[in-house]
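Read through the structure below, which is laid out as structure tokens, and then see the notes.
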Amino acid sequence: MKIRIIGAAGGEVTGSAYLVQTADATILVDAGMFQGGKSSEEKNKLPKGAQVTGINAVLLTHGHLDHTGRLPLLIKFGYNNPVYATQPTLDLARIILADSARLQSADAMRRNRKKFKKPGDPVAEPLYATEHVEYINELVRPVQFHQPIEVAKGITATWIEAGHMLGSGSIELKITENEKTKTIVFSGDLGPLSLPVLRPYEQFHHADLVFMESTYGNRDHKSLKDTLEEFEEVVSEVAKTGGKILIPTFAIGRAQQLIYHLAEMFHKGKVKQFPIYLDSPMGIEAAKIYRQHLDLLDDEFQELKAAGAFPVDERYFIPTPTAKESQSLNELNGPMMILAGAGMCNGGRILHHLAHNLGQPETYVIIVGFQSYASLGRKLVDGFEEVKIFGKEHKLKAKVKTLNGFSAHAGQTDLLNWFSTLAPSKPKVIVTHGEDEQRKTLSGLLKKKFGVKTVLPELNQVIEF
Ligand SMILES: [Zn+2]
């Protein structure tokens, strides 16, 4: 069999996709989109002559765009076979992909306007449209954790919990070719064991070949406990001063986690309850999906729920789905917390909240995610005295605090622990989904600690097995 690595290779984190070809079948594990940078636009296009109709099945590890974002593109080019994933992955992918299609179409329209277009520029086109996202509904095959399912001739797949986002899984393939069976494991993205709300990752115990993520292969995160202490200090201060906490955040996962921590503080009486506004249509949709899959949430969450505090309940957050409701928050006094996108402050509703509140010394901006170079979020972190929003300069009087311990990715120790149960079967490990330093460090540790062979693949490299 052959496995072609068509993303998250060569020191890159996005674009996860693996084409598995046996004598009898071809399947794709993940169909992720490349994100960030100009070159990603080209890489996302289907290569000339690609035959998507020859693929028998697509399997998804989880709903994030960098693992699902090219699926509607396959559909646009005629893919009409099953898509296997857990139910929450399918539900979350649907809202993430619909949002992506909408953003792409808005972006193409903007770029085609006269004032942005240079003579001779090609017409900008979105990769795919909403109709291609909607067609996924015709192809979905929900899977259950731990239940093997035949996804194509000679290929049986099993999903186990990966603890990274709701419904996320690692996948084991048992592939029978010429009466011999081999086991291949795809880690998918793995969550830290301490990540609240979600259940911790589960482990496989045998493999011949492992594709393993290395996002944080070079280090451990700051502990969640320390991060929560810092968060609590800010929350207590704001409760006293009547300020506003603004959190630029991606709508799915991180937002639910932050609401959970605050609900827990309110419930334990550490702070008097104040309003939390979930100012994101996608976040509000995601909360509904969380409510439909409570069985997948961890023990602490279940305990809090049993004690009468139900953090994904609208008793703990106030949804503001429309732009008008979002703007009306400017008229209200704190204390309050507002969660709004975009996560790097390079667009979205967080901008008008920042424009209104950066001049207030009792405002806190809490940065919980990565801020790329030159983004507005990065300027806030770097302590600029003035920042430009909607063409106007704003003096920065608000306090900006960075909290690094809320990551949804396993740090180095948790990655090595996840692999430890596979190590006795001495699989070859293909280290993917990591920048160069990260993947090299993890690869070195896997060799040293477990004596396994590793490969750091380039994009489009083919592993023959
Ligand atoms: Zn992910």
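Atoms within each ligand, like the ligands themselves, are counted from 1 in listed order. Source: prediction; values computed, not measured.
- Within H164, the N/O/S atom positioned nearest the Zn ion (ligand 1) carries the name NE2.
- For the Zn ion (ligand 1), the set of nearby N, O or S atoms under 2.8 Å includes one belonging to D189.
- Rounding to the nearest 0.5 Å places CE of M212 at 6.5 Å from CG of L416.
- Note: H221 and Y216 have perpendicular aromatic rings, judged against thresholds of 30 and 60 degrees for the angle between ring planes.
- Checked by atom type and distance alone, the side chain of E213 pairs as donor or acceptor with a backbone atom of L190 at under 3.5 Å.
- Nearest N/O/S atom of H64 relative to the Zn ion (ligand 1): this is ND1.
- Ring geometry for H261 against F231 counts as perpendicular: the plane angle is over 60°, on a 0 to 90° scale with 30° as the lower cut.
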